[in-house]
Amino acid sequence: MTRHLITSALPYINGIKHLGNMVGSMLPADVYARYLRQRGHDVLYICATDEHGTPAELAAKAAGLPVAEFCARAHDAQKAVYDGFGLSFDYFGRTSSAQNIEITQHFARQLKANGFIEERSTRQVYSLADERFLPDRYIVGTCPFCGYEAARGDQCENCTRVLDPTDLLNPRSAVSGSTELEVRETTHLFLLQSKLEGEVEAFVAEAGKEWPVLASSIARKWLTEGLHDRAITRDLEWGVPVPADVWPELAAEGKVFYVWFDAPIGYIGATKEWADAAGAGEERDWRSWWYGTDEDAAGGVRYTEFMAKDNVPFHTVMFPATELGTREPWKKVDYVKAFNWLTYYGGKFSTSQNRGIFIDDALELLPADYWRYFLMASAPESDDASFSWEHFSAIVNKDLADTLGNFVNRVLTFSRKRFGDEVPGGHAAGEAEARLGAEVARLLAEYEEHLDALQFRKAAFALRALWSAGNSYLEEKAPWLEIKSDPEAAALTLRTAMNLIRLYAVVSEPIIPATAQVMRSVFGTVAADRWVTAEQATALDTVPAGAPFTVPPVLFAKITEDDLVAYRERFGGAEE
């Protein structure tokens with residue numbers, strides 16, 4: 001089996017993320033990782049908190065904490081929320097780790113040795129009020145391209161254009177709000193992307209053949225506009241230090257690497273964290289996932305990245321340029337799964353503006369599987385998608401409560417009432433069961449096809465179709481009528497339906513893992529199963545007659561009109 005390396009865009013450290021962040025990277029990566037594990041593949045799903053850069057310092061200052069302490073607390077808080085959401089990271093690390101510092105500095109040394117980093121004198125904004133240089137997000141102002149008045153000094157949140165702080169119109173300090181700014185000379189390190197442009201173009205031309213249009217078009221747009229040499233250091237107190245053995249003067253000045261230089265390297269750093277965290281007697285080789293040619297270790301790895309569209313340029317152009325410039329065989333991405341944005345009633349979710357539903361609030365309202373299924377069924381793959389409470393409740397009530405939950409509940413409660421706490425036997429399978437098995441096998445193949453292709457919205461629809469097949473079978477056979485004239489026929493129907501529940505427990509696990517565990521526990525098994533084969537789907541006989549079963553609590557409660565009123569009052573919900 002192929003070894004699969006999976007990474008999702010690193011969530012930034014300055015607060016709990018919102019549903020848009022979840023659907024745009026971490027959740028689909030988790031669904032894919034769970035699916036591949038069930039299919040028997042060797043999977044390593046890596047993520048980490050992105051802890052460097054201006055927002056971390058600003059958030060720490062607002063919290064009244066040293067930045068290191070703030071980041072440590074925020075990392076633990078984020079990890080707890082992701083655990084609650086059911087994300088199955090193999091390791092969730094930190095870009096401030098010793099491992100990432102070591103590897104980032106190694107990359108810098110190699111790039112310098114190969115002629116792809118140089119020192120340049122540059123003009124940078126200095127705040128007289130703050131008595132310091134103001135890098136990237138320490139400056140806000142008007143975007144020169146789209147006119148957005150709250151653009152940051154590194155990127156415009158509105159039009160996604162990458163900026164330099166000196167590009168902004170009407171700039172002001174994000175620290176003090178002061179407009180008493182001037183431009184002074186300072187020295188920074190620049191990554192000479194222009195010298196690597198041809199190699200990056202060749203990489204995108206080859207690897208991008210397989211990428212979805214959203215990812216490949218963004219990468220090619222950047223390349224068409226030309227790669228510019230970019231400053232990769234900043235004047236900040238918190239970050240990966242410039243190594244003193246290579247740049248002693250800059251190190252003495254306290255320069256640190258720009259967050260977008262060290263953050264993608266953080267995937268590698270977190271993998272080394274994973275390896276270093278191995279228990280006694282356990283061997284983990286992080287290099288086998290990241291370092292090597294086709295003839296040795298990393299050649300057998302397929303690397304898939306998950307991210308929202310605003311992160312695509314850095315992962316498809318800038319990070320590959322960094323890897324290529326080391327002249328070392330670092331693993332580069334094979335497939336980039338990019339997502340459009342999930343909006344909140346047509347407006348953008350925003351951490352900085354506290355707009356939308358944040359993950360901790362979501363879990364306070366309803367269990368994770370409600371959100372997991374809805375987000376996959378509404379994944380913004382082909383275009384932006386809009387969240388509304390009305391749409392959310394319609395999906396939950398129709399698909400989860402009525403289609404899946406009601407099927408499980410009525411099958412098990414009716415069987416217990418009529419036949420007791422063991423799976424009934426009844427007649428041998430007949431024509432209706434043969435038709436059902438063929439249909440389930442067909443739908444399962446369709447579901448697998450969409451998951452293999454990383455088409456998550458289509459996969460959710462295919463899963464719903466599998467659930468619907470059970471309801472259609474139940475309506476056709478009508479065991480509540482069969483029991484009156486032919487109890488053995490009713491027993492067959494219920495036994496077949498229980499086998500469907502067992503199948504649903506297995507194939508639903510990637511998207512709704514907690515519910516899948518409850519369905520597995522009906523028949524006394526809790527551990528996740530390997531995937532269902534086509535033969536098992538056709539036969540529907542993995543749960544034998546006479547096996548004990550239990551009736552679980554209601555799987556999904558319906559969202560009522562009163563619930564919707566309460567949600568709108570708390571979070572808003574007027575069309576904009």
Side-chain angles (χ1 to χ4, degrees), residues 12-15 50-67 70-71 74 119-191 225 228-239 242 250 252-263 310-311 313-314 347-356 576:
Y12 202 73
I13 196 66
N14 62 337
D50 182 1
E51 300 188 10
H52 294 138
T54 310
E57 291 192 6
L58 293 175
K61 181 178 180 181
L65 293 171
V67 66
F70 170 81
C71 288
E119 295 180 45
R120 289 184 182 177
S121 179
T122 182
R123 294 170 62 79
Q124 188 173 335
V125 176
Y126 186 88
S127 170
L128 300 177
D130 302 312
E131 297 183 330
R132 61 173 295 170
F133 284 104
L134 298 179
D136 43 68
R137 296 192 184 196
Y138 271 75
I139 310 170
V140 292
T142 301
C143 175
F145 298 100
C146 71
Y148 182 58
E149 295 182 353
R152 304 184 306 254
D154 62 341
Q155 187 175 25
C156 176
E157 189 178 49
N158 185 57
C159 71
T160 76
R161 291 291 291 265
V162 174
L163 303 171
D164 285 319
T166 54
D167 294 333
L168 292 174
L169 307 177
N170 305 315
R172 59 191 181 277
S173 167
V175 180
S176 62
S178 173
T179 58
E180 292 185 273
L181 309 177
E182 65 182 34
V183 178
R184 294 184 178 182
E185 293 286 330
T186 186
T187 301
H188 281 289
L189 299 179
F190 277 71
L191 177 64
E225 293 174 354
H228 303 289
D229 301 337
R230 292 194 63 82
I232 58 168
T233 52
R234 294 292 187 267
D235 294 282
L236 293 170
E237 298 175 2
W238 175 248
V242 168
L250 297 186
E253 294 174 9
K255 307 283 187 184
V256 300
F257 285 108
Y258 175 42
V259 63
W260 265 112
F261 181 74
D262 82 89
D310 55 336
N311 283 328
F314 302 101
K348 190 178 178 183
F349 279 81
S350 173
T351 300
S352 60
Q353 299 175 28
N354 197 34
R355 188 179 193 284
E576 297 182 359

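In this chain, numbering begins with 1 at the start of the sequence shown. Nothing here was measured: the structure is a model prediction, and the numbers come from that model.
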Item checked: Enclosure of E131 CD (heavy-atom neighbours >12, cutoff 6.0 Å) ->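 No, CD of E131 has 12 or fewer neighbouring heavy atoms, counting only those of other groups under 6.0 Å.
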Exercise: identify the closest heavy-atom pair between [X] and [Y]:
X	Y	result
E180	S178	N-OG, 3.0 Å
N14	A59	CB-CB, 3.9 Å
A151	T142	CB-C, 4.5 Å
V259	H52	CG2-O, 3.2 Å
Y258	A231	CD2-O, 3.9 Å
P165	I139	CB-CD1, 3.3 Å

Margin query: Ring of Y138, cation from R132 - is the NZ or CZ under 6.0 Å from the centre and inside 45° of the axis?
Written below: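 Relative to the ring axis of Y138, which defines the angle, R132 lies inside both limits.
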Interatomic distance, [X] atom [atom1] to [Y] atom [atom2] [nearest 0.5 angstrom]:
X	Y	atom1	atom2	value
L168	L163	CG	CG	6.0 Å
L134	T166	CG	OG1	12.0 Å
D50	N311	CG	CG	9.0 Å
S127	R172	OG	CZ	13.0 Å
Y126	L181	OH	CG	11.5 Å
T186	R234	OG1	CZ	11.0 Å

Note to self: Taking D154 first and then R152, would you say they form a salt bridge - that is, a charged N and a carboxylate O separated by under 4.0 Å?
What the structure shows: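 Yes.
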Margin query: Could you check whether R120 pairs with D229 (Lys NZ or Arg NE/NH1/NH2 to Asp/Glu carboxylate O, under 4.0 Å)?
Written below: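 D229 and R120: salt-bridged.
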Do [X] and [Y] come close enough that some side-chain heavy atom pair is under 4.5 Å?
X	Y	result
K61	V175	yes
E57	L236	yes
Y12	P55	yes

Item checked: Listed partners of F314 passing ring pair (Phe, Tyr, Trp, His ring centres under 6.0 Å), at least two apart ->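 Checked F314 against ring pair (Phe, Tyr, Trp, His ring centres under 6.0 Å); matches are W222, W260.
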Notebook entry, point to check: What residues form a salt bridge (Lys or Arg N to Asp or Glu O under 4.0 Å) with E253, not counting sequence neighbours?
Noted result: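 Once residues adjacent in sequence are excluded, the partners of E253 under the salt bridge (Lys or Arg N to Asp or Glu O under 4.0 Å) criterion are K255.
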Next item on the list: Please report the C-alpha distance between D235 and H188 in whole Å, then the side-chain angles of each, then the deciding distance to 0.1 Å, and finally whether the side-chain contact (heavy atoms from CB on, under 4.5 Å) criterion is met.
Entry: CA-CA 9 Å; D235 294 282; H188 281 289; 3.1 Å; yes
Notebook entry, point to check: When you check the side-chain N and O atoms of E185 and S121, is any donor under 3.5 Å from an acceptor?
Noted result: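 Present: a donor and an acceptor within the cut-off.
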Looking at [X] and [Y], would you say the former's side chain and the latter's main chain have a donor-acceptor pair under 3.5 Å?
X	Y	result
T233	L189	yes
E157	A150	no
E119	T187	no

Item checked: Audit row: R230, F261, side-chain contact (heavy atoms from CB on, under 4.5 Å) steps and yes/no -> CA-CA 10 Å; R230 292 194 63 82; F261 181 74; over 6 Å; no
